[in-house]
Amino acid sequence: MAGVSFVLVFLFCLLYRTEGNVPGCSGPYGRIMDVQTTGAGLRTARAEGLKAGGVQASAIIAEKDLKNMIKYRTKIINVSKKTGIDAAVIAGIISRESHAGTALKNGWGDHGNGFGLMQVDKRYHKLIGAWNSEAHITQGTQILCNMINGIAKKFPGWTKAQQLKGGISAYNAGIRNVQTYDRMDIGTTGNDYANDVTARAQFYKKHGYN
C-alpha cells in the first residue's frame with residue numbers, strides 16, 4: 001500500500017506542475033495583441049518625466065524596465081505556462097506595479113500595503129512567497145485570472161480580448177469598478193491602468209515575453 005500511495009502522490013505532483021494547474025486559472029485567455037489600447041494617460045506619463053501620454057509613452061516606460069525585467073523572465077514564463085496568462089501581460093503588470101521591483105523598498109510599496117513585483121495587497125490576500133519569487137508571481141497571476149473570469153461572467157457578450165482587458169482593469173480597481181468597456185479605466189489608478197498595462201504588455205510581447 002505504501003508503494004501505491006507513493007506512486008499516487010508522485011503522479012499528483014507531476015500533474016500539479018503541468019500547464020493550467022493553478023487554481024482559478026483555466027485559460028486560454030485573450031490575446032494581448034488583439035486588445036485595443038490608448039496607452040498611458042497624461043498623469044502617468046508626466047509622473048515618468050514624459051510630456052505626452054499614449055501607446056508610445058507606455059512603450060518608453062516599459063523599455064526603461066526591460067533591463068530589470070530580464071531578472072524575472074524565466075519565472076514569468078514558467079507562471080505563464082502554468083496559468084495560461086500571456087507572459088507579456090504578467091510583465092506589463094510588473095512594470096506598472098513596481099517598475100520590475102526597482103520602485104519597492106524591501107519588497108513593499110503602496111505605503112506598506114502592496115507586496116512584491118505584482119503588488120499583492122496584504123489587506124485582502126494572504127501573502128505567498130518572497131517578494132520576487134515565482135510563488136509570488138503565481139499568486140498575483142492567479143488573482144488576475146480570477147478577475148478575468150469574473151469579468152467574463154459579468155460581460156459574457158464581450159470578446160476574449162475585451163474580457164482580458166477588463167480583467168486587467170479589475171486587477172487594479174476590482175470587478176465592480178468595471179461598468180462599460182470604453183470607460184473601464186475610470187476609477188483605476190491614473191484612470192488608465194488597463195490601457196497602460198496593455199500597451200506595456202504589447203511592448204514586452206515583441207521583446208521576448210511570449
Side-chain angles (χ1 to χ4, degrees), residues 11-37 58 62 65 69-98 100 115-121 124-129 132-175 178 181 184 188 193-210:
L11 290 174
F12 175 80
C13 292
L14 185 65
L15 177 63
Y16 188 77
R17 293 180 64 181
T18 59
E19 293 185 19
N21 56 23
V22 175
C25 297
S26 57
Y29 298 97
R31 290 163 41 88
I32 193 62
M33 300 309 288
D34 292 338
V35 179
Q36 296 179 343
T37 177
S58 294
D65 293 334
M69 193 72 69
I70 196 69
K71 301 175 186 177
Y72 313 111
R73 183 176 179 273
T74 298
K75 296 174 184 178
I76 290 170
I77 290 175
N78 287 343
V79 173
S80 174
K81 290 178 179 178
K82 291 189 293 185
T83 60
I85 294 290
D86 199 320
V89 174
I90 301 172
I93 289 177
I94 289 175
S95 173
R96 170 76 185 216
E97 291 287 350
S98 68
F115 179 73
L117 295 170
M118 298 184 74
Q119 287 293 276
V120 175
D121 197 315
Y124 305 106
H125 304 281
K126 182 179 179 180
L127 304 178
I128 298 174
N132 57 357
S133 66
E134 185 171 321
H136 163 73
I137 297 172
T138 299
Q139 181 182 24
T141 305
Q142 182 181 14
I143 294 169
L144 175 61
C145 289
N146 292 337
M147 295 298 104
I148 299 171
N149 292 336
I151 291 295
K153 290 180 180 179
K154 187 174 182 178
F155 301 102
W158 286 11
T159 66
K160 288 286 188 181
Q162 290 173 328
Q163 290 168 354
L164 171 60
K165 188 177 183 182
I168 294 171
S169 176
Y171 184 86
N172 177 254
I175 294 171
V178 180
Y181 183 76
M184 69 169 63
T188 66
Y193 190 88
N195 280 289
D196 183 30
V197 168
T198 294
R200 296 192 200 197
Q202 290 175 347
F203 171 87
Y204 288 122
K205 189 72 172 178
K206 301 173 184 176
H207 291 82
Y209 293 81
N210 299 305

Practice task
Return yes if some donor-acceptor pair links the side-chain N/O of S169 with the main-chain N/O of M184 below 3.5 Å, else return no.
Solution key: yes
Handout entry: Any T83 side-chain heavy atom under 4.5 Å of Q142 side chain
Key = no
Practice task
Could you tell me which non-hydrogen atom of F155 sits nearest to which non-hydrogen atom of V178, and how far apart they are?
Solution key: CZ-O, 3.5 Å
Problem - N195 and K165, any side-chain heavy atoms less than 4.5 Å apart - result: yes
Fill in the blank from the handout: Here the pair of heavy atoms bringing A87 nearest to I77 is CB-CG1, 4.3 Å
Exercise for the section: Please report the closest heavy-atom contact between V35 and A161, naming both atoms and the distance. Expected result: CG2-O, 3.5 Å
Handout entry: Spatial distance of atom OG1 (T188) from atom CD1 (I168) [nearest 0.5 Å]
Key = 11.5 Å
Problem - Heavy-atom side-chain contact between D65 and R200 under 4.5 Å - result: yes
Exercise for the section: Output the distance between atom CD (Q119) and atom CG (N172), rounded to the nearest 0.5 Å. Expected result: 11.0 Å
Handout entry: Enclosure of K160 NZ (heavy-atom neighbours >12, cutoff 6.0 Å)
Key = no
Practice task
With rounding to the nearest 0.5 Å, note down the distance linking CG in D34 to CG in L164.
Solution key: 9.5 Å
Handout entry: Sub-4.5 Å side-chain heavy-atom contact between Y29 and L144
Key = no
Handout entry: K75 side chain vs N132 backbone, donor-acceptor pair below 3.5 Å
Key = yes
Exercise for the section: Grab the two heavy atoms, one from Q139 and one from I128, that are nearest each other, plus how far apart they are. Expected result: OE1-N, 3.1 Å
Problem - Main-chain N/O of G30 paired to Q163 side chain as donor or acceptor, under 3.5 Å - result: no
Problem - CG on N78 to CZ on R73, rounded to 0.5 Å - result: 10.5 Å
Fill in the blank from the handout: On a heavy-atom basis, the closest approach of I94 and M118 is CG1-CG, 3.6 Å
Problem - Between CD1 on residue I143 and SG on residue C25, distance to nearest 0.5 Å - result: 10.0 Å
Practice task
In sequence, state the C-alpha distance, the side-chain angles, and the governing distance for F115 and H136, and then conclude on ring pair (Phe, Tyr, Trp, His ring centres under 6.0 Å).
Solution key: CA-CA 9 Å; F115 179 73; H136 163 73; 5.7 Å; yes
Exercise for the section: Could you give me the CA-CA distance, side-chain angles and deciding distance for L117 and E97, then say whether side chain to side chain contact (heavy atoms under 4.5 Å, CB included) is met? Expected result: CA-CA 7 Å; L117 295 170; E97 291 287 350; over 6 Å; no
Handout entry: Validation row: C145, V22 side chains within 4.5 angstrom (heavy atoms)
Key = no
Practice task
With the side chain counted from C-beta on, respond yes when K82 and E134 share a heavy-atom pair under 4.5 Å apart, and no when they do not.
Solution key: yes
Problem - Residues K205, D86: salt bridge by 4.0 Å N-O rule - result: yes
Practice task
For residues S95 and M69, determine if any side-chain heavy atom of one lies less than 4.5 Å from a side-chain heavy atom of the other.
Solution key: yes
Practice task
Kindly compute the distance separating OG (S133) from OH (Y72), expressed to the nearest 0.5 Å.
Solution key: 10.5 Å
Exercise for the section: Taking all non-hydrogen atoms of both residues into account, name the closest pair between A135 and G129 and its distance. Expected result: CB-CA, 4.1 Å
Handout entry: Ring geometry between Y171 and Y193 (parallel below 30°, tilted from 30 to 60°, perpendicular above 60°)
Key = parallel
Practice task
Find out whether I85 and V79 are in side-chain contact, i.e. whether some heavy atom of one side chain is under 4.5 Å from a heavy atom of the other.
Solution key: no
Exercise for the section: Could you point out which residue of V89, I70, I90, I32 forms a side chain to side chain contact (heavy atoms under 4.5 Å, CB included) with Y209? Expected result: I70
